[in-house]
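Note that the structure is predicted; figures quoted are calculated from it, not measured.
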Amino acid sequence: MTDGTTTEAAAEAGDTLTRLEQEGEIAADYLEGLLDIADLDGDIDMDVEADRAAVSIISDSGSRDLQKLVGRDGEVLEALQELTRLAVHRETGDRSRLMLDIAGYRAQKRTELSEIGAKAAAEAKSSGEPVKLKPMTPFERKVVHDAVKSAGLNSESEGEEPQRFVVVLPA
């Protein structure tokens, strides 16, 4: 790599970080307005993870009230994430891949799904047969695919939404 290419790559990475931070700020403003309207207490935390803006709503006083924003099986959280992405798109004109977490729901779900992926990978290794998992959301499938990959196996998604599922392939 030449110095010009290195400088160009660094500038591009800086531009990406700035853009993702801007997405996070727009999302935080939108979500603060939502919390005010719903009369819910919560603090907004912003970060950049895996080339996407990550915004979390957390509460010091227990997350009972915030559970309303998570909903059953994260359904409300998914809808709020899409609305927040639309708010960012409206401001920037660019499609957002922003990830929203409320009251640690996604963080806990990520841990559970990683364990499911690791167990399915172990089962596929020992049996030599593909392992089919239950239907999952795109977020859930991504976490399982990552866990399977880190276990040294491959996986693929099959089926049509909302019945799309992960198949863990033996080595």
Open item on the list: Applying salt bridge (Lys or Arg N to Asp or Glu O under 4.0 Å) as the test, list every pair that has at least one member in residues 160-171; sequence neighbours left out.
Closed with: R141-E161

TODO: Could you please spell out the steps behind the side-chain contact (heavy atoms from CB on, under 4.5 Å) verdict for Y30 and V88?
DONE: CA-CA 9 Å; Y30 175 79; V88 170; over 6 Å; no

- [ ] Indicate yes or no: at least one non-hydrogen side-chain atom of K125 is less than 4.5 angstrom from one of L153.
- [x] yes

Task: Residue pair V166 / E156, side-chain heavy-atom distance below 4.5 Å - done: no

Task: Under 3.5 Å: donor-acceptor pair, side chain of D101, backbone of Y105 - done: yes

Open item on the list: Other residues, nucleotides and ligands only: do more than 12 of their heavy atoms fall within 6.0 Å of CG on D39?
Closed with: no

Open item on the list: Checking S114 against V143 for the side-chain contact (heavy atoms from CB on, under 4.5 Å) test, could you report, in this order, the C-alpha distance in whole Å, the side-chain angles of both residues, the deciding distance, and whether it holds?
Closed with: CA-CA 6 Å; S114 292; V143 174; 3.7 Å; yes

Open item on the list: To the closest 0.5 Å, what do you measure between CG (D43) and CD (E32)?
Closed with: 9.0 Å

- [ ] In sequence, state the C-alpha distance, the side-chain angles, and the governing distance for V48 and L17, and then conclude on side-chain contact (heavy atoms from CB on, under 4.5 Å).
- [x] CA-CA 8 Å; V48 173; L17 181 61; 3.9 Å; yes

- [ ] Check the pair D15, R19 against salt bridge (Lys or Arg N to Asp or Glu O under 4.0 Å), reporting the backbone distance first and the verdict last.
- [x] CA-CA 6 Å; D15 290 347; R19 181 181 52 78; over 6 Å; no

TODO: Could you tell me which non-hydrogen atom of P170 sits nearest to which non-hydrogen atom of G128, and how far apart they are?
DONE: CG-O, 3.3 Å

Open item on the list: For a side-chain contact (heavy atoms from CB on, under 4.5 Å) check, start with the C-alpha distance between I58 and L66, then their side-chain angles and the critical distance, and finish with the verdict.
Closed with: CA-CA 8 Å; I58 52 178; L66 292 182; 5.6 Å; no

Open item on the list: Could you report the tightest heavy-atom contact between V168 and A120, atom names first, then the distance?
Closed with: CG2-CB, 3.7 Å

Open item on the list: Pairing donors with acceptors under 3.5 angstrom, does anything connect the side chains of H145 and S155?
Closed with: yes

- [ ] For the residue pair D45 and V55, establish whether any side-chain heavy-atom pair is separated by less than 4.5 Å.
- [x] no

Open item on the list: Can you confirm whether D41 is buried at CG, in the sense that more than 12 heavy atoms of other residues, nucleotides or ligands lie under 6.0 Å from that atom?
Closed with: no

TODO: Rounded to the nearest 0.5 Å, what's the gap from OG on S96 to CD on E91? Could you check?
DONE: 12.0 Å

Task: Side-chain heavy atoms of E21 within contact of M46, under 4.5 Å - done: no

Task: Check: L100 and L77 side chains under 4.5 Å, non-hydrogen atoms - done: yes

Open item on the list: With salt bridge (Lys or Arg N to Asp or Glu O under 4.0 Å) as the rule and sequence neighbours excluded, what pairs involving residues 102-121 come up?
Closed with: E78-R106, K109-E140

Open item on the list: Would the distance check show the side chain of R85 and the main-chain N or O of R95 forming a donor-acceptor pair, the cut-off being under 3.5 Å?
Closed with: no

TODO: Any chance you could measure D47, atom CG, to M99, atom CE, to the nearest 0.5 Å?
DONE: 13.0 Å

Open item on the list: Can you list everything that forms a side-chain contact (heavy atoms from CB on, under 4.5 Å) with L40? Sequence neighbours excluded, please.
Closed with: L35, A38, D65, L69

- [ ] Check whether any side-chain N or O of E158 sits under 3.5 Å from a backbone N or O of F165 as a donor-acceptor pair, and report yes or no.
- [x] no

